[in-house]
Amino acid sequence: MRIFVTGATGFVGSAIVRELMASGHQVLGLARSDTGASALTAMGAEVHRGALDDLESLRNGARKADAVIHTAFNHDFSKFLENCAEDRRAIEAMGAVLEGSARPMLVTSGFGSLAPGRLAIEADRTPTGFPRLSEAAAIAVAARGVRASTVRQAASTHGEGDHGFVPHLIAIAREKGVAAYVGDGANRWPGVHRRDAARLYRLALEQGVEDGPYHAVADDAVPFKAIAEVIGRRLGVPVVSRTHEEAAAHFGWIARFAAMDMPASSARTQSALGWKPEQPGLLADLDQDNYFA
């Protein structure tokens, strides 16, 4: 297949590009800069110039492809609601091109408050009012006849080159001189290595997206305190608790996520796709020099 990938130069997207090409697929990768275009060319992918806010460039990319994988998202949390709306428009634009065809589309979402306090499963549906609109947009285009579904990414999609939540936690621990957790630190995060996640996207496209949403989850429930303990040991700083009232001052914009309890299962995903995570788990991967270089 020739697959149009948005976010193709990103942490997860670049792993997807390599996974697809290693399995014999062609990749048309979205690039908004010369640097991104050069990175895609170096990977052996075809470059499609454009951006998330350039809807015509997204439509043209989808027109040229047999399938679409949408991983791009602007993670500037200072304008999160605007970015969620941009994401919805991008999905709708690409979905409109795919209507009336059998060409599949996978979009990317997360867990957040999907199932607070319990293990989230694939059958759970995003609650009304959930700010990220990726999954709702995928459901809307699927209702118009598009073979669209969602991959829900774990809170920590980790691996070498990670620039997500965990590196931010490490930076905060360095700055503050302590590795902190909120309350008793028993709140749980799901985790997955980016190479395992990339393989899941490929399998979903090859086997049919109809069994989604899929959970890109290898570790169901890693206690947040355990993450802080690895960070504290590697940095040689104390591991301490912060109250919910103190969390905002300590963690800044990540405070809400640091307190979230969002365990998640991938049992149905693994059964449907024959997908088995093979890479190191979150705590083992975090306990490597590259996270603390």
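Keep in mind it's a predicted model, so treat the numbers as computed, not measured. For the numbers below, each heavy atom of this structure counts, side chains included, while hydrogens, waters and symmetry mates do not.
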> Quick one: salt bridge (Lys or Arg N to Asp or Glu O under 4.0 Å) partners of R18, sequence neighbours excluded?
none

> With sequence neighbours excluded, give me every salt bridge (Lys or Arg N to Asp or Glu O under 4.0 Å) pair touching residues 172-184.
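Non-adjacent pairs meeting salt bridge (Lys or Arg N to Asp or Glu O under 4.0 Å): zero.
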
> Tell me who clusters with I139, hydrophobic residues only, linked when side chains sit under 4.5 Å apart either directly or through other members.
none

> Provide the closest heavy-atom pair for Y214 versus G208 in the form atom of the first, atom of the second, distance.
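Y214 and G208 have their closest heavy atoms at OH-O, 3.0 Å.
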
> Checking side-chain hydrogen bond (donor to acceptor under 3.5 Å, both in side chains) for the pair H70/D87: CA distance, chi angles, key distance, verdict?
CA-CA 9 Å; H70 176 54; D87 183 49; 2.7 Å; yes

> Given a cutoff of under 4.5 Å between side-chain heavy atoms of I, L, V, M, F, W and Y, with clusters grown through shared members, what are the other residues clustered with I91?
F4, L28, L30, L52, L55, L58, V68, M94, L98, M105, V107, V141, V146

> By side-chain contact (heavy atoms from CB on, under 4.5 Å), which residues pair with P116, not counting sequence neighbours?
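Residues passing side-chain contact (heavy atoms from CB on, under 4.5 Å) with P116: S113.
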
> Between D285 (side chain only) and P280 (backbone N and O only), is there a donor and an acceptor less than 3.5 Å apart?
no

> Using a 3.5 Å distance criterion without hydrogens, assess whether the side chain of S271 forms a donor-acceptor pair with backbone atoms of A267.
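No: the side chain of S271 does not pair with the backbone of A267.
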
> About how many Å separate CG of L133 and CG of N83, when rounded to the nearest 0.5 Å?
11.0 Å

> So, for V12 and Y201, which heavy atoms are closest and what is the spacing to 0.1 Å?
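The answer is CG1-CE1, 4.4 Å.
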
> Quick one: does N74's side chain get under 4.5 Å of K79's, heavy atoms only?
yes

> Is a side-chain N or O of N187 found less than 3.5 angstrom from the main chain of M260, in a donor-acceptor match?
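Side chain of N187 to backbone of M260: a pair is present.
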
> Would you indicate whether the side-chain heavy atoms of V182 and H244 approach each other to under 4.5 Å?
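A side-chain contact under 4.5 Å exists here.
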
> Applying side-chain hydrogen bond (donor to acceptor under 3.5 Å, both in side chains), can you list everything that pairs with R132, at least two apart in sequence or on another chain?
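Scan of R132 (side-chain hydrogen bond (donor to acceptor under 3.5 Å, both in side chains), adjacent residues dropped) gives S134.
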
> For H48 and S57, indicate whether the former's side chain and the latter's backbone hold a donor-acceptor pair under 3.5 Å.
yes

> Do the side chains of D261 and R188 get close enough for a salt bridge, i.e. N-O under 4.0 angstrom?
yes

> Could you tell me the separation between the CG atom of D162 and the NE2 atom of H168, rounded to the nearest 0.5 Å?
9.0 Å

> So does P190 get a backbone contact from the side chain of D219, meaning a donor-acceptor N/O pair under 3.5 Å?
no

> Taking only residues at least two apart or on different chains, which pairs with a member in residues 44-58 satisfy salt bridge (Lys or Arg N to Asp or Glu O under 4.0 Å)?
R2-E46, D34-R49, E56-R59, E56-R63

> Excluding sequence neighbours, so at least two apart, what forms ring pair (Phe, Tyr, Trp, His ring centres under 6.0 Å) with H163?
F11

> Does this structure show an ion pair linking D124 with R118, if we count only N-O contacts that are shorter than 4.0 Å?
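Between R118 and D124 there is a salt bridge, with a charged N closer than 4.0 Å to a carboxylate O.
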
> Run through the side-chain heavy atoms of Ile, Leu, Val, Met, Phe, Trp and Tyr, join any pair under 4.5 Å, and report what else lands in F111's cluster.
L114, V217

> State whether D196 and K276 are salt-bridged, where the test is any N-O pair (Lys NZ or Arg NE/NH1/NH2 against Asp/Glu carboxylate O) under 4.0 Å.
no

> Could you tell me whether the side chain of R268 and the main chain of D211 form a donor-acceptor pair under 3.5 Å?
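Yes; at least one donor-acceptor contact below 3.5 Å.
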
> Mind checking whether I172 and H250 have side chains closer than 4.5 Å, heavy atoms only?
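Touching, per the 4.5 Å side-chain cut-off.
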
> Looking only at heavy atoms, which two atoms of A142 and A148 are closest? And how far apart?
CB-O, 4.0 Å

> Do you know which two heavy atoms are closest between L282 and S156, and how far apart they sit?
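Looking at all heavy atoms of both residues, the closest pair is CD1-OG, 3.3 Å.
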
> Does any part of the side chain of H215, heavy atoms only, come nearer than 4.5 Å to the side chain of Q270, both counted from C-beta?
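Q270 vs H215: side chains apart.
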
> Determine whether a donor-acceptor pair (N or O, by modelled atom type, separation under 3.5 Å) exists between the side chain of T243 and the backbone of E246.
yes

> Charged N to carboxylate O under 4.0 angstrom, E19 versus R199?
no

> With a 4.0 Å cut-off, would you call E278 and R195 a salt bridge?
no

> According to a hydrophobic-cluster definition based on side-chain heavy atoms being under 4.5 Å apart (Ile, Leu, Val, Met, Phe, Trp, Tyr only), do L235 and L283 belong together?
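Same cluster: L235 reaches L283 through Ile, Leu, Val, Met, Phe, Trp or Tyr contacts under 4.5 Å.
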
> Tell me whether M1 is reachable from V17 by hopping between hydrophobic residues (I, L, V, M, F, W, Y) whose side-chain heavy atoms are closer than 4.5 Å.
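V17 clusters together with M1.
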
> How far does CD of E160 sit from CG of N290, to the nearest 0.5 angstrom?
4.5 Å

> Could you tell me which non-hydrogen atom of I227 sits nearest to which non-hydrogen atom of L169, and how far apart they are?
CG2-CD1, 4.3 Å

> Say whether, by atom type as modelled, one donor and one acceptor occur between the side chain of T150 and the main chain of R152 under 3.5 angstrom.
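No, because the side chain of T150 does not come within donor-acceptor range (under 3.5 Å) of the backbone of R152.
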
> For side-chain contact (heavy atoms from CB on, under 4.5 Å), just list the numbers for L106 and L205, CA-CA rounded to whole Å, side-chain angles, deciding distance to a tenth of an Å, and then say yes or no.
CA-CA 8 Å; L106 283 174; L205 278 191; 4.0 Å; yes

> What residues form a side-chain contact (heavy atoms from CB on, under 4.5 Å) with E210, not counting sequence neighbours?
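If we apply the side-chain contact (heavy atoms from CB on, under 4.5 Å) test to E210, skipping adjacent residues, the hits are R147.
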
> Counting C-beta onward and ignoring hydrogens, is there a side-chain heavy-atom pair between T6 and I69 closer than 4.5 Å?
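Heavy-atom side-chain distance check fails, nothing below 4.5 Å.
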
> Looking only at heavy atoms, what is the nearest atom pair of V239 and G232, with distance?
CG2-CA, 3.9 Å

> Are F257 and I231 in one and the same hydrophobic cluster, where Ile, Leu, Val, Met, Phe, Trp and Tyr link if side-chain heavy atoms are under 4.5 Å apart?
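Linked within one cluster.
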
> Mind checking whether L119 and V222 sit in one hydrophobic cluster, side chains of I, L, V, M, F, W, Y counted as touching below 4.5 Å?
no

> Kindly indicate whether the side chain of Y291, heavy atoms from C-beta on, has any atom under 4.5 Å from the side chain of V166.
yes

> Regarding R233 and E229, does a basic nitrogen lie under 4.0 Å from an acidic carboxylate oxygen?
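Looking at R233 and E229, the cut-off is not met.
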
> Check for me, please, whether V27 and L203 land in the same ILVMFWY cluster - side-chain distances under 4.5 Å, paths through other members count.
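In one cluster: yes.
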
> Given side chains that start at C-beta, do those of D287 and R234 come closer than 4.5 Å, heavy atoms only?
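Side-chain contact under 4.5 Å: yes.
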
> Distance-only, no hydrogens or angles: does the R125 side chain make a donor-acceptor pair with backbone N or O of E122 under 3.5 Å?
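Here the side-chain-to-backbone pair exists.
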
> Strictly by ring-ring contact (aromatic ring centres under 6.0 Å, His included), give each pair with a member in residues 176-199 just once, sequence neighbours left out.
H158-H193, F165-W189, W189-F224

> Considering residues at least two apart in sequence or located in another chain, which fulfil the side-chain hydrogen bond (donor to acceptor under 3.5 Å, both in side chains) criterion with S14?
R194

> Looking at L273, is its backbone amide N or carbonyl O close enough to the side chain of Q207 to form a donor-acceptor pair, meaning the two atoms are under 3.5 Å apart?
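Answer holds: yes.
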
